[in-house]
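Before any comments, here is the structure.
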Amino acid sequence: MVWEALSDGLAEALRAAGLYDPARFARLELAIPRESAHGDWTTNLALQIAKELKRPPRAVAEALAAGFPLAGSPFEAVEVAGAGFLNFRYARAFLDGLPARIIAAGGRFGGSQVGDDHACLVEYVSANPTGPLNVVSARAAAVGAALVRLLRATGHRCDGEFYVNDAGTQVDLLGASVAARFAQRIGEPRPLPEAGYQGGYVADLAAALPEAEARAALGGDGATWFRDRALERMVAAQRADLDAYGAEFARWFRESELHGSGAVDQALAELGARGMLYDAEGARWLSTTRFGDDKDRVVVRGTGLPTYLLPDIAYHRDKRARGYRHAIDLWGPDHHAYVGTLMAGLAALGLEPDFLEVLIVQQVNLLAGGQPVGMSKRAGEFITLRDLMDEVGADCAKFFFLMRSTSAHLDFDLDLAKRQNDENPAYYVQYAHARIASILRYAAERGLAPEPGAGAALEQPEEIALVRRLAAFPEVVRGAAAAREPHRIPAFLMETAAEFHRFYHHCRVVGEDAARSRRRLAVAEAARVVLANGLALLGVSAPERMERAAEAVS
RNA sequence: GCGCCCGUAGCUCAAUUGGAUAGAGCGUCAGCCUCCGGAGCUGAAGGCUACAGGUUCGAUUCCUGUCGGGCGCACCA
């Protein structure tokens with residue numbers, strides 16, 4: 001709303017100054033300055049276009065300021081500042097009226113339509129079904145789910161998807177490992193296959209098998225039987241954990257579907273038809289170097305089986321064929337070298353260069369007692385998503401993961417996350433929400449309800465500052481979605497919570513003056529809506545009450 | 001050896017995709033509850049943004065090099 005008003009107004013200002021040009025207007029950047037002295041919104045448009053106009057930036061800025069239609073806009077002033085910035089200041093009437101608009105919009109406040117109904121698919125987690133989900137998957141799940149919500153909130157048609165690698169060598173290995181454990185269980189010594197899976201969950205899988213059928217499978221050629229059983233149980237377990245964690249997937253896509261439908265063969269044939277394949281060293285190669293890859297890659301092994309690259313190409317082509325115009329993949333840090341390869345593979349097939357976007361979810365270092373927690377899969381001593389939920393809670397885990405930028409390594413302090421006191425930032429925002437809910441309950445007992453129009457306009461600097469902060473929420477959501485940076489939301493929420501606490505300490509909400517109380521309740525309720533909407537984007541609950549668990553006596 | 005990510009306050013991290021005086025939390029120190037939730041608030045100290053150049057109106061951000069840390073470099077996925 002504000003964004004559109006500014007954008008339209010500046011187009012008009014350009015016309016009024018005789019400077020309008022679509023290319024120029026396309027360079028428009030609007031931002032909320034961090035320094036409040038620089039106004040509520042700012043643009044560097046004059047600086048951007050001054051050079052080609054061969055005019056001093058400040059003179060261009062003056063001309064634009066003079067042509068900007070303030071009347072009817074959310075703004076009461078536009079100033080030229082610094083090297084040639086245009087700074088806009090909200091009109092008091094706009095701020096006075098904002099709580100009412102926020103309350104009326106409710107859960108929709110913060111959303112926008114900038115996405116223009118663009119269909120996109122976010123593929124995330126996609127962990128191999130060969131073991132429990134680890135902490136990197138937990139981080140990816142938090143980020144991916146948040147990204148889906150952010151894109152939906154900004155007007156995209158967006159789905160989440162989990163790709164199940166159920167067709168590779170690794171699941172065969174899992175099946176063989178389970179078969180070995182089952183054999184050992186019934187007293188037939190059989191070693192784990194080389195590089196087999198050693199974790200305790202493998203023995204658990206074996207123990208849960210129906211014994212008669214498993215014995216029969218063990219005797220004959222039962223490799224696929226063990227594999228399929230193990231696979232289904234692992235997928236079901238991952239699914240249950242992600243459900244509990246609040247990560248939703250519109251679809252669990254099986255790699256085996258691609259093989260079954262002939263999509264893999266078809267992709268291969270098409271690559272061949274495009275002249276992208278050649279045979280060498282007993283294998284079939286794809287010349288990805290033509291599209292910027294470091295070296296060409298094998299797509300069909302000497303054994304006749306495809307490598308992972310081929311189904312991956314077929315999978316992404318399938319995404320495109322299903323109508324998604326854009327695909328965002330979240331990968332772990334160990335796959336970053338593969339980005340260029342897959343991109344090249346898709347280019348070889350003729351997909352749009354901007355179809356695939358890969359985000360790397362960086363690694364997580366778990367700390368306990370200030371020391372790194374061992375994450376060795378081999379030793380079986382890794383922390384799972386389930387462990388994390390049990391230890392610190394899903395809300396807290398998600399908040400910690402989303403607090404930091406996705407592309408940076410993350411130190412996750414388990415001791416801090418477990419602590420239920422003021423040292424733990426995860427509670428700060430929830431606490432502010434619970435506090436507002438409590439105030440509203442307190443007021444309701446005295447027959448007072450929020451009423452934006454009641455009493456005078458906003459009075460104290462603290463309530464004006466709070467409402468200004470709330471006004472920024474839609475822009476923060478838009479920016480977080482556009483930059484694929486969910487961590488901007490927790491940062492904003494912490495600032496908003498702090499702004500609310502300041503307001504609370506300076507402005508008595510429920511007081512002598514009933515009209516003022518009702519109006520301040522409306523400010524508080526608007527803040528509650530923003531906090532609740534922000535937390536919802538993160539997948540974190542917004543509690544009406546918070547009870548601190550009894551401190552353990554040590 | 002090659003490639004990718006990173007280096008910002010004592011610690012963990014931001015900095016609106018090149019913007020104005022680099023900010024938060026924790027920790028430290030000093031204050032604030034007869035009243036709506038103290039999981040709170042107010043203030044202080046803390047920085048040559050690893051280092052050296054370059055690009056321009058303007059650099060934590062982009063380019064080059066050096067140093068230091070992490071991760072990759074399969075006919076595994």
Side-chain angles (χ1 to χ4, degrees), chain A residues 29-35 37-38 42 44 47 50-51 56-57 81-85 87 126-128 130 163 165 168-171 173 195 255 281-285 294-295 297-303 305-309 311-312 332-340 360 362-363 365 367 370 403-405 407-413 416 419-428 430-432 434-443 446 472 475-476 478-480 482-483 485 487-488 491-492 494-495 497-498 500-502 504-506 508-511 517 520-521 524 545-546 548:
Chain A
E29 289 171 29
L30 300 171
I32 296 173
R34 54 177 167 227
E35 201 66 46
H38 297 147
T42 187
N44 59 359
L47 288 160
K51 185 171 255 181
F85 295 99
N87 295 342
S126 296
N128 273 346
T130 52
Y163 182 60
N165 289 111
T169 318
Q170 296 304 317
V171 284
L173 205 51
E255 182 188 346
E281 300 164 41
R284 182 150 294 179
W285 296 69
D294 302 332
K295 53 183 176 188
R297 308 289 169 170
V298 171
V299 284
V300 182
R301 289 181 266 232
T303 60
L305 291 172
T307 64
Y308 51 86
L309 176 58
D312 278 356
D334 49 337
H335 289 98
H336 66 72
Y338 182 53
V339 176
I360 299 298
Q362 272 295 348
Q363 71 184 69
N365 299 314
L367 301 174
M403 225 169 23
R404 304 307 184 201
S405 76
S407 59
H409 296 204
L410 172 68
D411 282 354
F412 193 110
D413 187 334
L416 178 61
R419 225 165 282 159
Q420 295 197 333
N421 60 21
D422 54 359
E423 291 172 48
N424 189 336
Y427 296 115
Y428 186 76
Q430 289 187 315
Y431 176 72
R435 192 182 218 185
I436 297 173
S438 168
I439 294 167
L440 291 167
R441 284 192 299 271
Y442 178 88
R446 282 154 186 76
E475 171 60 14
V476 171
R478 193 200 61 74
E485 291 188 349
H487 74 271
R488 295 187 193 184
F492 172 81
M494 288 195 276
E495 288 164 0
F500 173 76
H501 290 308
R502 262 192 291 280
Y504 173 85
H505 279 268
H506 285 93
R508 177 78 198 180
V509 178
V510 181
S517 298
R520 284 192 174 159
L521 281 167
R545 289 188 165 81
M546 286 176 80
R548 195 201 297 255

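Just so we're on the same page: letters track the sequence lines, and every chain starts at 1. Predicted, not measured: the structure shown is a model, and the values here were computed from it. Note that these values count all heavy atoms, side chains included, but never hydrogens, waters or copies made by symmetry.
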For this session: Look at the side chain of A:Arg297 and the backbone N and O of A:Lys295, then say whether any donor-acceptor pair between them is shorter than 3.5 Å.
Result: yes
Exercise. Can you check whether A:Asn87's main-chain N or O pairs, donor with acceptor, with A:Thr42's side chain at less than 3.5 Å?
Worked result: no
For this session: May I ask you to verify if any side-chain N or O of A:Thr169 is less than 4.0 angstrom from the OP1 or OP2 atom of B:A77?
Result: yes
Problem set entry | P atoms of B:A52 and B:A15, separation to the nearest Å | 24 Å
Exercise. Among B:C36, B:C75, B:A15, which nucleotide sits nearest the side chain of A:Val298?
Worked result: B:C75
For this session: Determine which nucleotide pairs with B:A44, using a 3.5 Å limit on both distances of a Watson-Crick or G-U wobble pair.
Result: B:U28
For this session: Side chain of A:Tyr431 only, please: which of B:C5, B:G37, B:A15 is the nearest?
Result: B:G37
Exercise. When we call it a touch if two heavy atoms are under 4.0 Å apart, what does A:Ser438 touch: a base, just sugar-phosphate, or nothing?
Worked result: base
Problem set entry | Ring-on-base stacking B:G72 with A:His336 (under 5.5 Å, under 30°) | no
For this session: Identify whether any heavy atom of A:Met546 sits under 4.0 Å from a base atom; if not, whether one sits that close to sugar-phosphate; answer base, sugar-phosphate or nothing.
Result: base
Exercise. B:A59 and B:C13: how far apart are their P atoms, nearest whole angstrom?
Worked result: 27 Å
For this session: Could you work out which one of B:G19, B:G72, B:C75 sits closest to the side chain of A:Asp334?
Result: B:G72
For this session: Determine the Euclidean distance between corresponding P atoms of B:G7 and B:C51; express it in Å to zero decimal places.
Result: 13 Å
Exercise. So what does A:Tyr428 touch, heavy atoms closer than 4.0 Å: a base, only the sugar-phosphate, or nothing?
Worked result: sugar-phosphate
Seminar exercise, completed: From the candidates B:C35, B:U12, B:G37, the one with an atom nearest any side-chain atom of A:Arg404 is B:U12
Exercise. Which part of the nucleic acid, if any, lies within reach of A:Phe85 when heavy atoms closer than 4.0 Å are counted: base, sugar-phosphate only, or nothing?
Worked result: base
Problem set entry | Out of B:G37, B:A74, B:G3, whichever nucleotide has its closest atom nearest the side chain of A:Lys295 | B:A74
Problem set entry | Pairwise C1' distance, B:U21 and B:C4 [rounded to whole Å] | 35 Å
Exercise. Contact class for A:Asn44 (heavy atom, under 4.0 Å): base, sugar-phosphate, or nothing?
Worked result: base
For this session: Would you mind classifying the nucleic acid contact of A:Gly479 as base, sugar-phosphate or nothing, using non-hydrogen atoms under 4.0 angstrom?
Result: nothing
For this session: Confirm from the modelled atom types if A:Thr307 and B:A74 form a donor-acceptor pair under 3.5 Å, side chain to base only.
Result: no
For this session: Could you measure between the two P atoms, the one in B:C33 and the one in B:U17, and give it in whole Å?
Result: 43 Å
Exercise. Side chain of A:His409: nearest nucleotide among B:G70, B:G37, B:U42?
Worked result: B:G70
Seminar exercise, completed: Heavy-atom nearest pair, A:Ala498 first then A:Tyr428, reads CA-OH, 3.1 Å
For this session: Report which part of the nucleic acid A:Pro333 touches: base, sugar-phosphate, or nothing (heavy-atom distance under 4.0 Å, all strands).
Result: sugar-phosphate
Problem set entry | Spacing of the C1' atoms in B:A45 and B:G31 (rounded, Å) | 15 Å
For this session: Determine the contact category for A:Ala491: base if any of its heavy atoms lies under 4.0 Å from a base atom, sugar-phosphate if only primed atoms, P, OP1 or OP2 are that close, otherwise nothing.
Result: nothing
